[in-house]
Amino acid sequence: MGNRFQIKDRFAAGAQYIGGQLRPGTSGRTQDIVNPATGETVLTYELAGAADVDAAVASAHEAFPGWAGATPGERSDTLHRFASVLAERSAELADAETLQCGKPIKLSTEFDVPGTVDNTAFFAGAARHLQGQSAGEYSGDHTSYVRREPIGTIGSIAPWNYPLQMAAWKILPAIASGNTIVLKPAEITPLTSLMFAEAAAEAGVPDGVVNIISGAGKDAGEHLVGHRDIAMTSFTGSTAIGKRVAEIATASVKRLHLELGGKAPFVVFDDADVDAAAHGAVAGSLINSGQDCTAATRAYVQRPLYDAFVGAVADLMAGVRLGDPFDPSTDLGPLVSHLQRDRVAGFVERARGYATVVTGGQAPGGDLKDGAYYLPTLVTGAAQDSEIVQSEIFGPVLVVLPFDTDDEGIALANDTPYGLAASAWSRDVYRAGRATREIKAGCVWVNDHIPIISEMPHGGYKASGFGKDMSAYSFDEYTQVKHVMFDNTAVVRKDWHRTIFGDRP
Ligand code: NAD
């Protein structure tokens, strides 16, 4: 927890990491990093401007041939060392993540940091398993094979909800497959992305392979996406900003990977264990104060279980302990900012006109009044087409609606523009199996909601975007395949040349 008091010294050189050095931004504008639990400014730094983005891209561009030319074994060894350095720095990383996001220290310590270390170890191994498809004599006269090659310099943009994990999800598959990268974290939460890049350098990742630009979305972000020397844009954030990023990237014909918003359904069939479902819904909707793109947001409960489920969720929410995020017994910290808290409160206030707020629906006050806190909130009685059911809230708010038939439950689950994640709760394997097939989302859990693992892909359907983070599937985003074809005949006038030279014999 010493980090809370040393943060100004730690980043005294600036909050831009370019070519292996921390340095100040040159935009002429500053950004405060605010502890959302207290409202206190813990660091003010100079934001990146276009010149800083140019310098970071140049550094990544210069580092590319050397890093792309390293053997998979060399890259793998470096990433294994990287995982060890991160593990040694676990406490410092967890402190910084809790400080800038307000997330409970037990979440940073047990989820964000070990998840990042595991992801790094996974990509250290996966770096040696990049494969093209089989080689062969498909024409008869040639040998063909496929090379899988890195794309070049990647420009990535990340959100504020899991800054360390998002940096890891963007940087690791890119560099494991031989690319170099410039990452722009959210300007309110750059600390752990910077620390991640420093740890990479300490492990032996060459200077310039990983660069961090701490800048505003509209200027540094857009300049990065449109940059001539960026070969691909990988963006995680809201669907609205994702559309803007797609416009800019498409105009310069860049490869694009979009991980966007979510509005995950949580479907409880009438044979489910209602107690397990209620626990799953409370944990799945409140994790990270609900600022999780896969959080359970819409619970659809088959009518026989509806009352029991609503009662159990309300009781469990009442027992969740809000408090100082650095207190190990705190379950729920503040939201990331007062702005985000007010945005969430706005959704709930508007819903009072058409739905019932069963519990929560306000800031806690008292000792927590200066922080961006919001009570766990349960809403019922909303119509399927209402704002609170259709829009991403990104806060500790769960809406519960009843349904009658299985067909209806699945149709309601699919009835938003999003398709990132979902869960189905049932003890009947056929019912659960049907839900996994018919719900349109990039991940469907059965009798759980939230767990992720490095080996499995994460990514959306529909307006939640396209492309995958984590797992070997992410290499499909960060590599391109090249067909190589060798003539095996050594003849001057080849058979197919008859299309130009004379008639068919
Ligand atoms: P956001 O879209 O406001 O910002 C995301 C990033 O984009 C930030 O770094 C921001 O500075 C940058 N940005 C803003 N305007 C930009 C512009 N015009 N050009 C380029 N970059 C710009 O999102 P947020 O509020 O930081 O994060 C919450 C959102 O992220 C939610 O919608 C959530 O669902 C989504 N998210 C998705 C996933 C996923 O894997 N699908 C994971 C985490 C978060």
Kindly determine whether Gln100 and Thr192 satisfy side-chain hydrogen bond (donor to acceptor under 3.5 Å, both in side chains), including the steps that lead there.
CA-CA 9 Å; Gln100 64 180 353; Thr192 47; 3.0 Å; yes
Just do the side-chain hydrogen bond (donor to acceptor under 3.5 Å, both in side chains) check on Asp292 and Tyr162 with the steps written out, would you?
CA-CA 8 Å; Asp292 184 310; Tyr162 291 107; 2.6 Å; yes
Run Asp324 and Thr330 through side-chain hydrogen bond (donor to acceptor under 3.5 Å, both in side chains) and show every step you take.
CA-CA 6 Å; Asp324 173 2; Thr330 290; over 6 Å; no
For Leu368 and Leu322: C-alpha separation, side-chain torsions, deciding distance, then whether side-chain contact (heavy atoms from CB on, under 4.5 Å) applies.
CA-CA 8 Å; Leu368 303 179; Leu322 276 73; 3.8 Å; yes
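Under a 4.0 Å N-O distance rule, the pair Arg321/Asp327 does not qualify as a salt bridge. With salt bridges taken as basic N to acidic carboxylate O contacts below 4.0 Å, none links Glu259 and Lys468. For Glu247 and Lys243, the salt-bridge test fails: no basic side-chain N is under 4.0 Å from an acidic carboxylate O. Look at Arg81 and Glu202 and you find no salt bridge, because none of the NZ, NE, NH1 or NH2 atoms lies under 4.0 Å from a carboxylate O. Ion pairing between Asp112 and Lys106 fails under the 4.0 Å rule for side-chain N and carboxylate O. Electrostatic pairing of Glu198 and Arg10 counts as a salt bridge here, judged by a charged N lying under 4.0 Å from a carboxylate O.
No side-chain N or O of Asp370 forms a donor-acceptor pair with one of Thr38 less than 3.5 Å apart. No side-chain donor from either of Thr479 and Ser177 sits under 3.5 Å from a side-chain acceptor of the other. No hydrogens or angles considered: nothing links the side chains of Gln390 and Glu387 as a donor-acceptor pair under 3.5 Å. Looking only at atom types and distance, the side chain of Thr30 has no donor-acceptor partner in the side chain of Thr44 under 3.5 Å away. Side chain to side chain, Lys170 and Thr236 meet the donor-acceptor criterion of an N or O pair below 3.5 Å. Residues Thr116 and Asp118 bring no donor and acceptor atom of their side chains to less than 3.5 Å of each other. In summary, the side chains of Lys254 and Ser252 do present a donor paired with an acceptor at a separation below 3.5 Å, with no hydrogens or angles considered. Judged by distance alone, the side chains of Tyr300 and Gln384 do bring a donor and an acceptor atom under 3.5 Å apart. Judged by distance alone, the side chains of Gln31 and Ser214 never bring a donor and an acceptor atom under 3.5 Å apart. Between the side chains of Asp469 and Ser474, not a single donor N or O lies within less than 3.5 Å of an accepting N or O.
Listed for the Glu97 side chain is a donor-acceptor partner under 3.5 Å among the backbone atoms of Leu164. With hydrogens and angles ignored, the 3.5 Å screen pairs no side-chain donor or acceptor of Thr233 with any backbone N or O of Ala249. Of the possible donor and acceptor atoms, none in the side chain of Trp67 sits under 3.5 Å from a partner among the backbone N and O of Pro206. Judged by distance alone, the side chain of Ser464 and the main-chain N or O of Gly261 form a donor-acceptor pair under 3.5 Å. With hydrogens and angles ignored, the 3.5 Å screen pairs a side-chain donor or acceptor of Asn211 with a backbone N or O of Ile181. Judged by distance alone, with hydrogens and angles left aside, the side-chain atoms of Gln291 form a donor-acceptor pair with the main-chain N or O of Asn288 at under 3.5 Å. Checking side-chain atoms of Asn179 against main-chain N and O of Gly152 turns up a donor-acceptor pair under 3.5 Å. Not one N or O on the side chain of Lys440 forms a donor-acceptor pair closer than 3.5 Å with the backbone of Lys462. Looking only at distances, a side-chain donor or acceptor of Ser285 sits under 3.5 Å from a matching main-chain atom of Ala281.
To the nearest 0.5 Å, atoms OG1 (Thr153) and CG (Leu224) are separated by 10.5 Å. Taken to the nearest 0.5 Å, the CD atom of Gln16 stands 7.5 Å off from the CG atom of Leu47. Interatomic distance, CG of Asp52 versus CG of Asp54, reported as 8.5 Å (0.5 Å rounding). In this structure, the separation between CD1 on Ile33 and CD1 on Ile7 is 7.5 Å, given to the nearest 0.5 Å.
Checked against the 6.0 Å centroid threshold, Tyr17 and Phe196 do not count as a close aromatic pair. You'll find the ring centres of Phe394 and Trp160 inside the 6.0 Å limit.
When all heavy atoms of Thr26 and Ala51 are compared, the pair lying nearest together is OG1-CB, 4.0 Å. Of all heavy-atom pairs between Glu46 and Pro24, the closest is OE1-CB, 3.2 Å. What you find for Ala176 and Ala127 is that their closest heavy atoms are O-CB, 3.7 Å. Considering every non-hydrogen atom in both Ile439 and Ala413, the closest pair reads CD1-CB, 4.2 Å. The minimum heavy-atom distance between Ala363 and Tyr373, with the atom names listed, is CB-O, 3.6 Å.
Atom CZ of Phe466 has more than 12 neighbouring heavy atoms from other residues, nucleotides or ligands inside a 6.0 Å radius.
Scanning for side-chain hydrogen bond (donor to acceptor under 3.5 Å, both in side chains) contacts around Asp207 gives an empty result, with sequence neighbours left out.
Ring pair His223/His227 is perpendicular by interplanar angle, where above 60° counts as perpendicular and below 30° as parallel.
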